[in-house]
Amino acid sequence: MDKFVVRGGNPLLGTIKVSGAKNSALPCMAAAILTEDEVILENIPQVRDIETERKLLVSMGAEVELGYGRAQHRTRIKCGILSDPVAKYEIVKTMRASSLVLGPLIARTGIARVAMPGGCAIGGRPIDLHILGLEAMGATITQDHGYLEARSPNDGKGRLKGAHIVFDKITVTGTEDLLMAAALAEGESVFENCAREPEVTDLAALLIAMGAKIEGAGTGTIRIQGVAKLHGARHRINPDRIEAGTFLIAGAITGGDLSVDSCEPKHLGALITKIEQCGVKIDVGVDKVRVRSGGDLKAADMTTEEYPGFPTDMQAQYMALATQAEGTSTVTENIFENRFMHVQELIRMGANITISGRTATVRGKSPLQSAAVMCSDLRASASLVLAALVADGETILDRVYHLDRGYEHFEEKLRGVGAQIRRMGDVFGKK
Ligand code: UD1
């Protein structure tokens, strides 16, 4: 298993470039299931989850070419015949977002078998709302041997029916899954209490380019007029707002001067407001954000919320920043239970953090010390790298495969702006 070795102390200076959003790319790749034509996606990040999704689509019979043509970040997908509409447990267990294929598979082939995702480091993460929504659209869903088997009406021969669905709880991939199903359903669907995340809007833009009739994506209410067939399209994936946010915090925490380029500042509103409250200077350009910090940070309370609120995917990174701010910050996690796995590791590095229920209280500023630490999930890993960038000495981060799921060339990008970070393969050669 690869490790990172990080020596803290350098302010990050210069320009760093943001890749395409993993969380847009995953549903957009799943959307290719909806047509037998070719779908070309640009700005696909080269990260582990994308490779996992490629494997998933290929295992169903699709042709997927990552790095298509001369462009490394272009992907070509053709789901001509889906001979095996099954999302196997071996793949689903490594990436919960695999459940995104449920809606498009049943809409396209009438039958889908998708392994039920198991437990997960950041809470239960059920998919009950995906299932309820598909049932409201006429699907019959049964469970056997750890798999969900979904059939469209008429024992898999008929089309799904449009439905009026009010989500009990806001769910990002749930909204995306049902949006894809509704695109090929018969009649109109109206979804209320939808996720408004930019990734939902990105997926809707692709679906519209494929011939879907969708209004209201990016708002709480989405209307879809189902069509009988979708066609191929070419679409460019949004920049990754979580990667951009992670770099903004990297600039802020190290007392640096960093221009985060090729991002979409409009998607970063809550984060920018919060780090400005911490005393960091921010200049917003058309597709870039510059962060300048003298290193004297102030505490500010933060609560995660659905978009446009502060993203839960930035909570762990913000917590690293809060350890370096003067005063007490509370960090409240509203979206997921159990998303404080990074806290124990930050404490081992010298942070002063206590947890009560969904709120962590961070007392700063704590001088951080290097230590051997363990990554527990994707964003927790990023948080530990940020802490290591200001720790005294050399921190060794184990299990960086979590980070590789969602950050493209993370250590190379950071090295390019002055961080001392290198990857170390396992001495015994094990992955
Ligand atoms: C997506 C993102 C993830 C992000 C999260 C919240 C992708 C691939 N992943 O995950 O990075 O952290 O949004 O912004 O886009 N819930 C249910 N029943 C369901 C579905 C969800 O109770 O059927 C609950 C979840 O347990 C959680 C909340 O709803 O408490 C939000 O989860 P959801 O928005 O679905 O997260 P994901 O789409 O899995």
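Each residue takes its place number in the sequence, starting with 1. The structure displayed is predicted, hence computed values, not measured ones.
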Review point. Taking side chain as C-beta onward, heavy atoms only, is Phe340 less than 4.5 Å from Ile353?
Key: no
Point to revise | Carboxylate-amine/guanidinium contact Glu188 Arg223, below 4.0 Å | key: yes
**Study point:** Flag if over 12 foreign heavy atoms under 6.0 Å of NE2, His164
**Key:** yes
Review point. Just checking, is any N or O donor in the side chain of Thr330 or Thr361 under 3.5 Å from an acceptor N or O on the other one?
Key: no
**Study point:** Straight-line distance of Asp240 CG to Ser262 OG, nearest 0.5 Å
**Key:** 12.0 Å
Review point. Which is it for Lys298 and Glu326 under the salt bridge (Lys or Arg N to Asp or Glu O under 4.0 Å) test, yes or no, and what are the steps along the way?
Key: CA-CA 5 Å; Lys298 292 182 291 201; Glu326 216 52 70; over 6 Å; no
Exercise for review: Before giving the answer on side-chain contact (heavy atoms from CB on, under 4.5 Å), spell out for Asn352 and Val362 the whole-Å C-alpha distance, their side-chain angles and the decisive distance to 0.1 Å.
Suggested key: CA-CA 6 Å; Asn352 181 342; Val362 187; over 6 Å; no
**Study point:** Between CE on residue Met302 and OG1 on residue Thr359, distance to nearest 0.5 Å
**Key:** 10.5 Å
Check your understanding: Are any of the side-chain heavy atoms of Glu42 and Arg234 separated by less than 4.5 Å?
Key -> yes
Review point. At what distance, to the nearest 0.5 angstrom, does CD of Gln344 lie from CE of Met374?
Key: 13.0 Å
**Study point:** Flag side-chain contact, heavy atom, 4.5 Å: Ile40 against Thr75
**Key:** no
Exercise for review: In sequence, state the C-alpha distance, the side-chain angles, and the governing distance for Arg241 and Glu199, and then conclude on salt bridge (Lys or Arg N to Asp or Glu O under 4.0 Å).
Suggested key: CA-CA 10 Å; Arg241 64 194 169 99; Glu199 294 74 30; 2.8 Å; yes
Review point. Does any non-hydrogen side-chain atom of Arg292 lie less than 4.5 Å from one of Arg290?
Key: yes
Check your understanding: Going by atom types alone, do Thr219 and Arg196 pair a side-chain donor with an acceptor below 3.5 Å?
Key -> no
Check your understanding: Checking side-chain contact (heavy atoms from CB on, under 4.5 Å) for the pair Val114/Val86: CA distance, chi angles, key distance, verdict?
Key -> CA-CA 6 Å; Val114 175; Val86 181; over 6 Å; no
Practice item. Apply salt bridge (Lys or Arg N to Asp or Glu O under 4.0 Å) to Glu65 and Arg76, showing your working. Key: CA-CA 5 Å; Glu65 202 180 333; Arg76 185 186 71 91; 3.1 Å; yes
Check your understanding: Using the ring of each side chain (for Trp, its six-membered ring), is Phe4 parallel, tilted or perpendicular to Phe410, with breaks at 30° and 60°?
Key -> parallel
Check your understanding: Does any donor atom in the side chain of Glu149 or Thr142 lie under 3.5 Å from an acceptor atom in the other side chain?
Key -> no
Review point. Could you walk me through whether Leu207 and Leu203 pass the side-chain contact (heavy atoms from CB on, under 4.5 Å) check?
Key: CA-CA 6 Å; Leu207 293 171; Leu203 169 66; 3.9 Å; yes
Exercise for review: Decide, yes or no, whether a salt bridge links Arg113 with Asp144 under the criterion of side-chain N to carboxylate O below 4.0 Å.
Suggested key: yes
Check your understanding: Relative to each other, are the rings of Phe167 and Phe191 parallel, tilted or perpendicular (30° and 60° limits)?
Key -> perpendicular
Practice item. Among Gln317, Gln315, Arg379, find the one that has a side-chain hydrogen bond (donor to acceptor under 3.5 Å, both in side chains) with His342. Key: Gln315
Point to revise | Between CZ on residue Arg48 and CE on residue Met95, distance to nearest 0.5 Å | key: 12.0 Å
Compile the donor-acceptor pairs under 3.5 Å between side chains in residues 9-28 and protein atoms, sequence neighbours left out, one pair per line.
from  : atom 1 : to     : atom 2 : distance (Å)
Asn10 : OD1    : Gln420 : NE2    : 3.4
Asn10 : ND2    : Gly418 : O      : 2.8
Ser19 : OG     : Glu408 : OE2    : 2.8
Ser19 : OG     : Lys413 : NZ     : 2.7
Lys22 : NZ     : Asp49  : OD2    : 3.3
Ser24 : OG     : Asp202 : OD2    : 3.0

Check your understanding: Quick one: does Thr395's side chain have a donor or acceptor within less than 3.5 Å of a partner on Ala388's backbone?
Key -> no
Review point. So His130 and Thr171, side-chain contact (heavy atoms from CB on, under 4.5 Å) or not? Walk me through it.
Key: CA-CA 9 Å; His130 303 227; Thr171 157; 4.2 Å; yes
Practice item. Consider only side-chain N and O atoms of Asn43 and His73, and report whether a donor and an acceptor are under 3.5 Å apart. Key: no
Check your understanding: Is the backbone of Ala372 close enough, under 3.5 Å, to the side chain of Arg348 for a donor and an acceptor to pair up by distance?
Key -> yes
Revision key, fill the gap. Hits for ring pair (Phe, Tyr, Trp, His ring centres under 6.0 Å) against Phe310, two or more places apart or cross-chain, chain-then-number order -> Tyr318
Review point. With a 4.5 Å heavy-atom cut-off, do Ile50 and Met29 have their side chains touching?
Key: yes
Review point. With the threshold set at 4.0 Å, does a side-chain nitrogen-carboxylate oxygen contact exist between Glu333 and Arg358?
Key: no
Exercise for review: Please examine the side chains of Gln324 and Leu368, heavy atoms only from C-beta on, and report whether any two atoms are closer than 4.5 Å.
Suggested key: yes
Practice item. Indicate whether any N or O donor in one side chain lies under 3.5 Å from an N or O acceptor in the other, for Ser98 and Glu53. Key: no
Practice item. Go through the steps to decide whether Asp313 and Arg339 satisfy the test salt bridge (Lys or Arg N to Asp or Glu O under 4.0 Å), and finish with yes or no. Key: CA-CA 10 Å; Asp313 284 352; Arg339 199 173 196 179; 2.9 Å; yes
Practice item. Please check if the side chain of Thr35 supplies one atom and the backbone of Ala32 the other of a donor-acceptor pair under 3.5 Å. Key: no
Review point. With distance as the sole criterion, is a donor-acceptor pair present between the side chains of Ser370 and Glu394 under 3.5 Å?
Key: no
Check your understanding: If you draw a 6.0 Å radius around CD in Glu135, do more than 12 non-hydrogen atoms from other residues or ligands fall strictly inside?
Key -> yes
Point to revise | Interatomic distance, Gln46 atom CD to Ile44 atom CD1 [nearest 0.5 angstrom] | key: 10.5 Å
Exercise for review: Check whether any side-chain heavy atom of Lys288 lies under 4.5 Å from a side-chain heavy atom of Asp283, and answer yes or no.
Suggested key: no
Check your understanding: Is Val166 close to Val190 at the side-chain level, that is, under 4.5 Å between some pair of heavy atoms?
Key -> no
